[in-house]
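Working notes, structure below.
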Amino acid sequence: MITTSKDYSGRQVDLSVFPSLATANVPVSSEFGEGKVVAGPMAAAQDFLRILLTATGHYKSDPSLGSDFYSGLSGKNVRFSSDLLHLFMIESDKVLDYLAIHSTNLPDDERITEARLVSSQVIGTSIDLVIELSFVAGNTLTVRLPVQWSI
Amino acid sequence: MSDASNLGYVAGINLDTDLFTEAELLEEETKVAQVILDYAPSLKLTRGGTLYDLVVRPRALLNAIATKLNKSLQSTQSLQGVVENPELAVDEVVDAILSNRGIKRRIGSKATGTVRVNVSRNDVYSLHSDLTFVTATGLVFLPQQSYRATVDPQNDTDLTIYATGDQFYFLVPVIAQVTGAASRLIDVTELLPSPTIPNLISSFAFGSFQGGENDETNEELLAREPEALAAKNHVSAVSISSTLKDQFTFVRDVSVQGMNSLGMSRNASNLLSFKMGGYADVYVRTAQAASYGQINKTATLVEIEGTTKATYSLVIDRDDFPGHFFVSKIGPAGSDLVSSYLITSEEKTADLRTDGQIHHVPASKDAVYTRYQKNTVLFEIEFDETLGTNPVDQFPATLAVTAQVAYLPGIKEIQDFLSDPTRGVVLSDYLAKAPVPCFVHLSPIRVHAPSSVKGEDVRLAVFDYINGLPFGSEVRVDEILSVIKAIADVKRVDLPIRITGDIYCPDGVVRTIRDDNALGVPSLPEVGVVPETTAFFVELSDIPIAMIEV
Amino acid sequence: MSDLTSPEVYYGFFSAFWSRFFGDSVAMRGVAHADALDLAQQYQNFLEAVGNLSIHTIEPFHKKQWLPIVLRRSSFGTGPDQLKHGSGANFGVQPADTKFREGVTFTYGGLEQRSGLYYVGAPANLQNLGAVITNRLVEPSVMLVRDSGFIFGDGIITFKDDPFENPLIPKREVAGANGNVEEEIVLWAIDGEFDDGRLHEQYGYLFSNRKVSSESYRKVIAAFMALFSDGPTPQMLEAIVATVAGQPVIREVSETVERVTTLGTKQIVITDASTYQVSTSVELRPEVVPGAVLLAGTPLTTVAQAFDYTRTPNWWTTVPAIAAGRDYIFADISPLGFVNTVVPVELEPTLDLLEGTATPARFFLTGKTEDIEKFWSLAREKTAAGAGLGDLLWKDAGLVDGDGAPDFTQELYINPLEFLVKKILGRHLIVIKMKVNLITRSESFLDLLKILKNTIPVWCSLLVIFEVTLEEEFAFQNAGEPTLDATNLVATEDLIAGAPENFTGAADGFWNDVDSEGAPVNKTPEALSDAISPETITTTLDLATPGNNVTAYGGSTAVLEESVHYKLTDACTP
């Protein structure tokens with residue numbers, strides 16, 4: 001039995017694989033954790049992050065799903081912060097396009113209108129990305145996403 | 001391994017998502033997602049969602065592979081499932097599958113018979129071919145063509161009106177509207193004409209109806225499968241049987257008596273009685289029940305016994321009902337054969353005029369029930385003093401008669417087929433024979449059942465059982481009980497049921513056998529009677545049924 | 001992407017997010033592994049279903065790639081108690097190198113003692129297990145190897161050690177049948193083969209009621225189907241009788257023999273395409289020599305052979321006699337023996353017939369006296385003028401006078417069997433000869449006879465010759481006194497040849513049913529009441545090699561030799 005810690009009535013719930021997404025300023029980890037579910041803007045953010053980290057064309061049934069963010073990051077085209085910003089802008093737009101097509105039935109506070117890379121910081125082999133997501137309803141959500149970066 | 005062993009699917013090579021188009025996979029995913037959503041509408045199963053990735057996509061992939069493999073398999077399937085559940089199989093599917101093995105379904109036939117129409121006035125009646133005769137159970141029969149009934153018939157489509165007391169009647173040949181055994185009416189079953197016939201008093205079946213067989217069932221078809229594997233030639237017992245059933249779809253059972261068979265004797269007419277190679281007798285059952293046909297012939301006066309009677313001789317030639325069983329009735333030419341002259345004897349001999357192949361038939365009995373059989377029948381006519389003529393005037397040297405003959409169809413055609421030089425086997429001498437008939441009579445069968453169970457259904461069940469027995473079988477009381485008990489709502493069947501059989505042996509003797517449990521054919525090879533050459537026949541009228549309502 | 005049946009490849013079906021970024025990627029690997037296992041089994045089922053389409057590709061058994069073996073304390077150590085025939089058990093102490101524990105004593109009537117072993121009953125239709133049993137499906141820490149860690153046979157899995165005592169095998173507590181708590185473990189066997197009856201349901205039902213599947217049964221059915229569709233060619237007959245007898249036949253269209261060698265109790269025939277093993281107790285066909293090119297279906301041994309007159313006209317020369325009964329003679333008689341030896345032809349009194357005279361004749365036959373007389377009497381009745389058997393035989397032998405008439409002053413000898421084969425039946429006989437003692441599989445035999453009878457040309461006859469090995473001596477035994485008396489012993493050769501002059505007095509008494517003084521007695525020893533007498537040993541005759549006598553039986557339904565066994569007591573059995 002899936003249990004929820006919030007009132008998700010009227011919401012569609014998904015399985016939570018970024019359990020710390022809701023905690024501000026804490027880098028998100030991705031795991032089943034305690035097996036919770038997620039809904040609302042958090043669910044939309046989770047989808048955004050997961051699709052951003054999924055390679056475009058991986059699923060044959062869904063060739064437009066995914067982005068080339070990670071492969072771009074691993075390549076040698078990212079040398080300056082501006083390169084990263086450029087890459088994020090292009091790839092996040094792909095994700096937003098995909099979500100826009102497949103999220104038409106969602107409430108406004110789950111439909112992302114913009115993804116903005118607020119800052120980035122290299123910590124060891126990881127880049128800590130701070131991303132701000134804006135929704136149609138006007139609400140925003142900021143997440144810290146650490147991404148393993150191998151050159 | 002041949003290509004067929006994996007149908008092109010090879011693990012490690014191509015058992016992957018490349019087997020599918022994007023649309024095929026998407027269709028499976030949509031189906032899986034929808035099913036889950038139908039149960040749990042609050043789940044977020046949009047494409048791109050986490051649950052979608054974890055649950056929908058892999059399940060859809062497995063489904064897609066299963067569907068792909070199953071479809072491939074189905075396209076090459078043969079008898080899987082059909083053999084296990086023949087009663088569930090659709091006829092068309094079974095026909096299609098078995099056509100791969102060269103098997104054709106035997107198509108049923110329509111029953112035919114005669115309706116006696118009693119009318120109150122001697123008039124001229126027009127019977128259009130769309131007139132119907134309907135039984136109380138809804139079975140429909142049609143005149144075989146348009147007729148005119150009159151006391152003064154002028155042509156073939158005129159039926160004679162006979163007088164009986166102060167009433168009149170005429171006999172209408174009819175055919176069932178549909179194929180099937182249910183239309184085999186028994187004598188005096190009532191039939192109502194529609195539209196009605198003027199001056200009608202009553203109308204009913206005149207004698208039991210003939211023919212009327214169901215289409216071959218899936219079970220019967222499948223039973224022929226082993227034979228269908230056999231090469232289509234005239235070499236082995238199995239291939240002869242298979243070939244004949246394919247060529248003549250009315251052939252129901254075949255028993256081949258070869259070199260060493262007990263029922264084979266014509267190959268032993270040598271000094272040391274050794275059974276020699278080269279011969280086979282092919283016994284064919286070509287119909288469920290014996291047919292009764294009529295033929296007009298000229299009889300020859302043999303002798304006049306004073307003022308008592310005269311004996312005439314009638315020859316049923318080898319081409320008149322080839323291989324027939326016996327002559328059942330003889331009457332004046334054109335008579336309705338309600339009654340018959342007294343038939344005193346039949347003598348069957350061989351008429352071996354060559355028709356391309358010379359057969360070795362050392363004794364007359366070896367020609368009996370073959371197309372080479374010739375039957376000389378003696379019958380007697382009583383002297384009628386009331387006519388006021390003398391015997392010589394009453395008994396002319398020749399006499400036009402109509403004879404009714406019991407026979408199985410197709411014997412000549414099958415003999416021709418076996419002898420055909422384009423098909424027959426060199427140096428082989430095959431004789432096609434109708435089975436030695438054993439006509440079965442049963443003591444009254446008392447069946448306890450509610451009124452919903454019809455006596456006709458019980459009679460038909462027994463009829464089908466006995467007439468469906470293959471060569472070499474016994475008529476068993478326990479199986480008679482089984483087929484009756486298989487009819488819904490039958491409560492009880494009383495015992496004993498006595499079974500009597502009259503074997504019309506090829507030596508001309510009718511031997512009677514009886515049993516209360518199981519009637520088997522005795523082994524009398526010297527007269528050509530062994531279980532493998534003899535078949536059981538029963539007429540509906542020889543299955544007396546007494547329904548006791550419970 | 002390829003091979004979704006591979007767990008790792010299936011893992012790759014999930015995107016890089018799940019394998020690279022997701023923290024619980026191990027769980028995802030498990031999901032993928034389970035799906036891949038399912039798919040592999042599904043593919044196996046698919047291959048089997050496709051294989052079912054042809055008798056040549058059908059697998060006799062359904063294979064489960066992973067089979068759970070659930071063990072509970074309460075059911076452990078139980079299973080079928082009684083040994084089955086053919087299980088390889090020995091009466092008494094078990095020797096080394098069997099699947100039973102060395103030194104364990106088995107006795108008749110008692111329950112099997114499998115002390116020291118741990119066993120459990122397997123599903124009834126489980127026919128075989130693969131090489132290992134493991135404690136886990138993934139990276140197992142316990143791997144029991146067949147024949148060392150466990151053995152399987154007769155529906156029983158027997159473990160060398162108690163798996164409940166193995167700490168590496170996880171145990172769990174479950175509710176027992178009585179509500180008690182007991183331990184349960186699950187082990188995993190690979191490649192469990194189940195007999196689901198498919199061979200019978202797909203093909204076997206066409207020919208037989210046998211429902212037990214096996215690879216050899218598949219071969220027999222395939223041979224039957226080929227016989228049906230191709231007809232009884234000489235080669236097909238050879239192939240089918242050999243297959244039914246369990247003997248190897250050449251598999252490919254054409255194979256060249258490269259080497260013939262012996263290894264232990266096996267003869268090994270190596271061709272360019274296959275390797276065949278046969279026991280050293282059977283004889284290889286003379287044509288199986290290095291360099292020989294053998295066609296598909298060619299049998300390698302002489303255990304089962306088929307002949308016809310046109311290809312092997314002298315097949316009869318090694319047969320001592322043929323019994324011809326009602327199958328061959330249209331008369332109500334029991335079988336008469338046509339012996340393979342030269343006998344004089346005896347003339348009978350000349351017959352005066354309407355059209356002239358005829359001289360009948362007769363020669364030696366074995367059989368019941370009244371039937372022999374009936375046979376010759378029937379011949380006399382059918383004799384036409386100038387065509388008595390004497391007239392015909394003398395003319396045929398060229399023993400004629402100057403006018404071409406038979407010269408009965410000269411003597412004539414014939415070989416009755418040669419006469420039968422060459423002059424009467426030979427060209428319509430299909431002969432099958434089988435060494436009964438060497439047939440490794442005889443359960444299909446009745447099926448074979450039935451099928452052969454239906455597939456040979458109807459104008460021909462099937463003669464089956466069973467070669468059986470007999471004991472050297474037999475003893476007559478009185479049913480009322482079932483004890484063995486040395487004075488009743490007779491040599492098999494004398495018995496078969498019907499040479500009672502060599503019997504002891506006592507045995508001769510049994511044989512001829514007379515007392516020592518020659519007076520008839522009314523003893524009812526079982527042998528005599530069952531009609532063992534000089535008149536019934538008609539179809540068994542002397543062979544040059546003692547102990548390898550041959551019985552020939554015309555027709556196709558019974559082994560006459562069996563009746564001899566039933567009615568005589570084997571002298572070698574204590």
Side-chain angles (χ1 to χ4, degrees), chain B residues 1-2 4-7 9 11-18 53-54 57-58 61-62 65-66 69-70 73 76-80 83-84 225-226 229-231 233 235-240 256-260 262 265 267-268 270-280 425 427-428 525-526, chain C residues 1-6 9 13-15 18 31-32 35 38-40 42-43 46-47 49-54 56-57 201-202 205-207 225 228-232 324 326-331 375 378-379 382-383 387 389 392 424-425 427-428 453-462 555:
Chain B
M1 265 194 184
S2 66
S5 61
N6 56 33
L7 300 183
Y9 299 101
I13 301 292
N14 64 354
L15 203 63
D16 57 25
T17 52
D18 289 344
D53 254 18
L54 290 180
R57 290 188 200 280
L61 178 63
L62 288 177
I65 292 174
L69 296 183
N70 279 337
L73 193 58
T76 57
Q77 268 308 358
S78 89
L79 282 179
Q80 268 196 340
V83 171
E84 287 173 3
E225 199 199 349
L229 281 170
N233 56 36
V235 174
S236 69
V238 145
S239 64
I240 290 171
V256 181
Q257 296 294 292
M259 175 175 168
N260 297 117
L262 204 52
S265 62
N267 65 343
N270 53 63
L271 181 62
L272 296 181
S273 303
F274 265 98
K275 292 191 166 195
M276 308 300 283
Y279 303 91
V425 178
L427 290 176
S428 64
E526 60 283 0
Chain C
M1 186 187 289
S2 66
D3 196 6
L4 289 166
T5 57
S6 153
V9 174
F13 168 73
F14 297 100
S15 71
W18 295 106
V31 170
D35 280 352
D38 260 0
L39 186 58
Q42 191 178 316
Y43 183 64
F46 164 75
L47 291 184
V50 178
N52 289 351
L53 294 172
S54 163
H56 303 290
T57 55
E201 287 169 14
Q202 289 282 336
Y205 75 95
L206 294 169
F207 307 103
M225 290 180 79
F228 262 59
S229 52
D230 295 354
R326 294 191 68 168
D327 285 338
Y328 288 104
I329 302 169
F330 190 69
F375 175 77
L378 196 59
K382 293 172 90 168
T383 296
L389 184 61
L392 299 176
I424 301 179
L425 298 175
R427 290 189 181 275
H428 293 102
K453 220 171 164 180
N454 276 325
T455 47
I456 62 164
V458 288
W459 63 85
C460 290
S461 175
L462 181 69

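Order of the sequence lines fixes the chain letters, A, B, ..., with proteins taken first and strands second; residue numbering starts at 1 for each chain. The basis for the numbers below is simple: all heavy atoms, side chains too, and nothing from hydrogens, waters or symmetry mates.
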(request) Go through C:S15, C:A40, C:A32, C:C460 and name the one with the most non-hydrogen pairs under 4.5 angstrom from chain B. (result)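 Result: the option with the highest number of such pairs is C:C460.
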(message) Between C:I424, C:D38, C:L392, who has the most heavy-atom pairs with chain B when the cutoff is under 4.5 Å?
(response)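 When all of C:I424, C:D38, C:L392 are compared, C:I424 has the most.
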(message) Looking at every heavy atom in both B:L61 and B:T17, which two are closest together, and how far apart are they?
(response)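 Residues B:L61 and B:T17, closest heavy atoms: CD1-CG2, 3.6 Å.
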(message) If I compare all heavy atoms of C:V458 with all of B:A237, which pair ends up nearest, and what's the gap?
(response)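 Minimum heavy-atom contact is CG1-N, 3.3 Å.
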(message) Is B:N270 in contact with chain C via its backbone, its side chain, both, or neither, using a 4.5 Å heavy-atom distance?
(response)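 Just the backbone, heavy atoms under 4.5 Å.
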To the nearest 0.5 angstrom, please state how far the [atom1] atom of [X] sits from the [atom2] atom of [Y].
X	Y	atom1	atom2	result
B:N267	B:S273	CG	OG	10.5 Å
C:F375	B:F274	CZ	CZ	4.5 Å
C:F330	B:L262	CZ	CG	8.0 Å

(request) Using non-hydrogen atoms and a 4.5 Å limit, figure out which bit of C:I456 sits close to chain B: side chain, backbone, both or neither. (result)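 Contact with chain B: backbone only.
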(request) Identify which part of C:A387 has an atom lying under 4.5 Å from any heavy atom of chain B, answering side chain, backbone, both or neither. (result)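 Just its backbone gets close to chain B.
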